[in-house]
Structure formats: structure tokens, C-alpha cells
Student: 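Let me give you the structure first, and then I'll get to my questions.
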Amino acid sequence: YPFTLGGLEDLLSRRGSSVVQPLKETVLKHVTDKGLQVKEQGSKEFVLVLLGIPRSRLGIVQKLEVQGFMVDAGIGILGQSLSVLFKAKEENKWYRDVMGGSESDQWKSVSIFPVNVKCYPNEEEIRQYSDITPDDGGPAGIIAGAGALGGMLAEIWGRECWGEWAYVDDDTIQAHNLVRHISSNSAVGFPKAVVVNSLVNSIHSEKVNSQSKAFVTSILSEDKVLNDKIEKSHFLVDVTTTLHVPRVVSRSDSFPRTVSAFITPSGSASVMLLEDKHREIRCNSLEAQYYRAILNEDWGEEHLSGHVGRHWVGAGCREVTLSLSNELVHIHAATLARQIRKKSSCNEAKICVWDYHDNSGAISFYDIPVFPCRSIFLNNWEVIWDDGFLKKITAFRSDSLPNETGGIIFGIVDQKDKTITLVNACPAPENSESTPSSFTRGAYDSESILDDCKNRTAGIVTYVGEWHSHPPNCGALTSGDDIGQLSFLSTELQVEGLPALMIIASESAIGFYLNKHGIVVNF
């Protein structure tokens, strides 16, 4: 390495290049007609010279290495040694030498020393370092909910340079949030969306973006700027923790493909409900299918323990009394961030559960089958079901042939949106009376089936009606006995303001009956 500017010039000239003339031009660019004010006397100044050194093979440049040299002089002194500047008398300023003074070789003795240059990686390189395909820039999306989980998802993806995200949350940072949130005590009182946006932007070099990516409002608001952002987005990550948001989003075509992710109240598990690419199976149906798995699988018994019914996560992040380990939030946030990123490139809908075992640190994974869904409008109500629900009923019917059979139906009733989303069909209790031409359901042990449903689903899934089968060569229309039972159900449930649903399963059709109205759907 050369250790003077003259030595560097000699080295470069032998390679057909030069550093002196570019230095002169650069120095002059930094000096205006008003001169160049330098630092106070005694302060040390340096000039950094960066050289791009092409490395070629067979005449083709394959890479450009960068070598740095620190010039042991400030711009003023360097300019004077290069004969392009002069220092004014009794003034701590340098001016252009417009008179064109005599050339000097002073610059040759100016000391330099080599420095190692590290370039900040670009986004493609950052993704490569993060074990992500460099050209996988991720979606232009929205993270709804900038709480503990939402903030960590934003921080992970921001550090990986995956996705261009806007953040939506109408809440502010409170002191108790700091137990789990990525913010610090200096952020208390500021909007969560603004804080998360600022923290993520500070991870890497600041990007020029005139439009704010933080929206201090609800994802369901009528804010025009937010709605424009939603229409231009390709992916919505719902981590609001509320049950209402994904249900409303499911009923709107203006939202992009949505994934609803949350941590269970105890912190022992995390859940991902991902719509398919074309939104043919939406979050409201995925929620029902998720609850059916909770009711039918062994892992579902304690899965939602601590759930209060209005939020996915305990009593919600606004409640001071919520106890949830920051360690578990990190574990599940990392799992969800990676799996949402990887699954977002798939076209299929997904229902995934990760169950953390505290004693061993192991994680059990449950990939719940997803079935297509359908719906009908009946007596001002929309009845929604999926093929998995019908599969259970038809299997019960086939297993009981030639006799009829039946049982009770569990579902989710939304009085505001007037929807009944069917979740689970139960088989007939053992004390039922079943013949090839009739069926009389016996009594369930309410403590073992109704209470179990309530406990496993936090009371969200409830009794919505009855189902029974008809024998071969008999359709799904109601008989006289069916009409009587439907009238009885309607009267009983009307007291609680609930609709009464009856389903009749035949060989090739399903009949849906609500109060006095009915529709038969063929397979």
C-alpha cells in the first residue's frame, strides 16, 4: 500500500488511471462563492478517498472491489496542496483559486493510510443473509394490530427486508405494554402504529417515502387514505386479537388475501388461519373449521383455556391483568413470522396450530385439513358450512343405514351480521330410538357434551339446532314429524333470541330449514 498521495498516484498511473484530477474536481464542488468554512483550529479533519477496483477474467469485469484511503488533511489544506484553493488572510475560510496559481507538488507528500471499506448491504443481500431468496421482496401488505405480536412480526420482516408494510392500530403505548412490546419507555403515550413504523424504519438505512405507513385508526374504519391503501395491498396480516375483525373482513371483497394469527391466552400455542389466494375460503369459515378441530381433537381440551370470549388472546392487550410471558411471545412470533412468510407463496388455504411444551421446549404442529365452504340465505339469515361439516353428517348416516340417525348441531351465531356458521355435528346418543323409517333422539349428558363445547371454545360455539337422516330413496324434504320438531325448536330458542336450524341428510341432498323456511341443496 502507498502511504502518500504521490505514491498512490504513481501506482494508479501505471494502471492507466489517476486520482489527482478527480480530487481537484471534487474539492471544487464543495466550495461555493462564499468560500469554505473549516472547523476550529486544532480540530482534526480527514478526506476519505474510495477507489473502485475492477476484477476481470478474460476481459469481463466480474466484480468491483472497493479500497479506501484516508487523506491526513482536511478539504482546505488538500485543496491548497492541489493548487485549486487558497486560504484568506485573517479568515478561517478557503476560496477557489480563480487566478490559477502555479502548480505545486505539495500534494505528493500528503500522508494517506489504507482503510478497510465495508459497504452496507442492499435489500437483496439482506434477504440472502436471512436465508430468503434475494428476489423474494414479499408483498405490499398491511399489518393490522401493532401490539406485542404485530410489533415483533413487523420487526422480524423489517430486519429481513421482506414485504412493504403499512401498520394500522388505534391504540397507544401504555406502561404495561412494555413488558412485551418492542418499544421502550420513551414511547409511552404515542400511537402503537407510529412507534412500530419508526422502529422498523430505523433498522436499516432510511428510505425516502413521502407517504406515511402508520395509520392511527381501526382497520375497519372508513378513512379514505387507509381504504386506498387497502385496495392497493396484496396481503393483510390480522393480529388485532379481536374476533370481530376477521369476520367483518371475510364479508368484504375490498380486502386482500388475509391471514389471521394469534397466540392463545395461556401462551402455550399459536394459530394461523390463512385464506387461499383467490379468497374462496375466508377467515370466517376457517375459524369454524378450527373450532371443529378443537372439539374433536385431544389437543383441543385445554387449547383455549383462559379465553374470555371477545378476544383471541385472553382479555386483549389493553388489559393490565393479562399475564403472558415475553419469552413465549418471541417463540410464537418467530414461528408465525417464518410460517406466514413461507405459506404466503402457496395458493391453498391453511389452518395451522403450533403447541409449545414448556417442560421440554418442543413444539407440536397440527395441520388441520381445510374444506371448501358454501352458504345459502334462509329467512334473512346466511347459513355457512364447509364440506368437512357435511362429511361428518353423511358418514354418520352411512354408518347407521338402513336405520335413520341424527344428533345436535354446534355453530357460531352472529346476531349483528345475521349469520350462522356451522361448526360440528354430533352423533346420536346411545339411548336414541332408530329404525329404517324413524328416529327419535335420546338425551345427551349435557355436562359431557354441551359444557365441553362451551369450555373448549370459550362459549363462542353454541347449540344451533338438530340434524337427522332420511333412508335411501327418500329426499331431504320435511315430514309431518319434522315440521313439528322444527316448530318446537323455534319456540324454545326464540326465548333466547336465537334461530333454530334443522338439517335433513338424504342420499343425494341436504335440506336446511330455519323456522318455516327451507332450501334443499343437492350434492
Side-chain angles (χ1 to χ4, degrees), residues 288-289 291-297 300 369 371 373-374 376 378 383-412 420-454 456-457 461-493 498-515 518-523:
Q289 298 182 53
Y291 281 129
R292 183 165 62 244
I294 291 177
L295 291 173
N296 293 326
E297 302 295 336
F371 297 93
C373 63
R374 296 179 63 185
I376 57 172
L378 193 59
V383 181
I384 306 167
W385 74 93
D386 64 89
D387 289 351
F389 173 84
L390 293 186
K391 186 177 180 181
K392 291 197 70 172
I393 287 181
T394 55
F396 291 148
R397 177 183 178 276
S398 298
D399 292 342
S400 298
L401 289 175
N403 292 344
E404 294 186 6
T405 187
I408 63 174
I409 307 167
F410 289 126
I412 303 170
I420 306 172
T421 307
L422 303 180
V423 172
N424 199 35
C426 299
E430 294 182 357
N431 56 354
S432 302
E433 296 179 6
S434 180
T435 72
S437 59
S438 67
F439 171 74
T440 303
R441 179 176 68 77
Y444 288 99
D445 183 350
S446 62
E447 189 172 335
S448 65
I449 188 167
L450 299 178
D451 289 352
D452 183 63
C453 175
K454 179 181 178 180
R456 288 190 180 218
T457 67
V461 178
T462 186
Y463 171 86
V464 295
E466 304 275 337
W467 76 272
H468 68 274
S469 66
H470 278 178
N473 302 318
C474 184
L477 297 175
T478 54
S479 64
D481 290 340
D482 296 336
I483 294 173
Q485 184 190 38
L486 183 59
S487 176
F488 172 77
L489 287 174
S490 300
T491 302
E492 289 295 311
L493 292 183
L498 297 174
L501 183 68
M502 174 185 286
I503 294 178
I504 300 175
S506 70
E507 196 167 19
S508 60
I510 298 288
F512 295 88
Y513 299 92
L514 192 65
N515 297 332
I519 294 178
V520 176
V521 179
N522 295 319
F523 291 159

Student: Under 3.5 Å, which donor-acceptor pairs link side chains of residues 475-483 to any protein atom two or more places apart or in another chain?
Tutor:
unit_1, atom_1, unit_2, atom_2, d
Ser479, OG, Asp482, N, 3.3
Ser479, OG, Asp482, OD2, 3.1
Asp482, OD1, His468, NE2, 3.0
Asp482, OD2, His468, NE2, 3.4
Asp482, OD2, His470, NE2, 3.3
Asp482, OD2, Ser479, N, 3.0

Student: Quick one: pull up OG1 in Thr421 and CD in Gln289 and give me the separation to the nearest 0.5 Å.
Tutor: 10.5 Å
Student: Please determine whether side-chain contact (heavy atoms from CB on, under 4.5 Å) holds for the pair Ile376 and Val521, giving the CA-CA distance in whole Å, both sets of side-chain angles, and the decisive distance to 0.1 Å.
Tutor: CA-CA 9 Å; Ile376 57 172; Val521 179; 4.2 Å; yes
Student: Working to the nearest 0.5 Å, report the span between OH of Tyr513 and CD1 of Ile504.
Tutor: 4.5 Å
Student: State the CG-CD1 distance between Asp452 and Ile294, to the nearest 0.5 angstrom.
Tutor: 11.5 Å
Student: Let me see the working for Trp385 and Ile510 under side-chain contact (heavy atoms from CB on, under 4.5 Å), right down to the final yes or no.
Tutor: CA-CA 12 Å; Trp385 74 93; Ile510 298 288; over 6 Å; no
Student: Would you give the length of the straight line joining atom CD1 of Ile384 to atom CD1 of Ile412, rounded to the nearest 0.5 angstrom?
Tutor: 9.0 Å
Student: Going by salt bridge (Lys or Arg N to Asp or Glu O under 4.0 Å), name the residues that satisfy it together with Asp386, two or more places apart in sequence or in a different chain.
Tutor: Arg292
Student: Ignoring hydrogens and angles, tell me if any N or O in the side chain of Trp467 forms a donor-acceptor pair with the backbone of Cys426 under 3.5 Å.
Tutor: yes
Student: Is it the case that more than 12 heavy atoms not belonging to Lys454 sit under 6.0 Å from its NZ atom?
Tutor: no
Student: Determine yes or no for a side-chain-to-main-chain donor-acceptor pair under 3.5 angstrom, with Ser400 supplying the side chain and Asn403 the backbone.
Tutor: no
Student: Provide the closest heavy-atom pair for Asn473 versus Glu507 in the form atom of the first, atom of the second, distance.
Tutor: N-OE1, 3.6 Å
Student: To check you understand the geometry: which heavy-atom pair defines the closest contact between Val520 and Ala509, and what is its length?
Tutor: CG1-CB, 3.7 Å
Student: Quick one: closest heavy-atom pair of Ser434 and Phe439, and the distance?
Tutor: CB-CD1, 4.1 Å
Student: Considering all heavy atoms of both residues, which atom of Ser469 and which atom of Arg397 are nearest to each other, and what is their separation?
Tutor: CB-CG, 3.6 Å
Student: Of all heavy-atom pairs between Pro499 and Leu514, which one has the smallest distance, and what is that distance?
Tutor: CB-CD1, 3.7 Å
Student: State which residues pass side-chain contact (heavy atoms from CB on, under 4.5 Å) with Pro429; sequence neighbours excluded, sorted by chain then number.
Tutor: Asn431, Ser432, Arg441, Tyr444
Student: Heavy atoms only: give me the nearest Leu401-Pro472 pair and the separation to one decimal.
Tutor: CD2-CD, 3.9 Å
Student: What residue among Val383, Ile393, Leu390 forms side chain to side chain contact (heavy atoms under 4.5 Å, CB included) with Ile503?
Tutor: Ile393
Student: So, taking the atom named CE in Met502 and the one named CZ in Phe488, what distance separates them when rounded to the nearest 0.5 Å?
Tutor: 11.0 Å
Student: Can you confirm whether Thr405 sits close enough to Pro427 that some side-chain heavy atom of one is under 4.5 Å from a side-chain heavy atom of the other?
Tutor: no
Student: side-chain contact (heavy atoms from CB on, under 4.5 Å) for Leu422 and Leu501? Distances and angles first, verdict last.
Tutor: CA-CA 10 Å; Leu422 303 180; Leu501 183 68; 3.5 Å; yes
Student: Using 0.5 Å steps for rounding, measure from the OG atom of Ser506 to the CG atom of Asn522.
Tutor: 8.0 Å
Student: Quick one: does Leu378's side chain get under 4.5 Å of Ile420's, heavy atoms only?
Tutor: no
Student: Give the C-alpha distance, both sets of side-chain angles, the deciding distance and a yes or no for side-chain contact (heavy atoms from CB on, under 4.5 Å) between Ile449 and Tyr463.
Tutor: CA-CA 10 Å; Ile449 188 167; Tyr463 171 86; over 6 Å; no
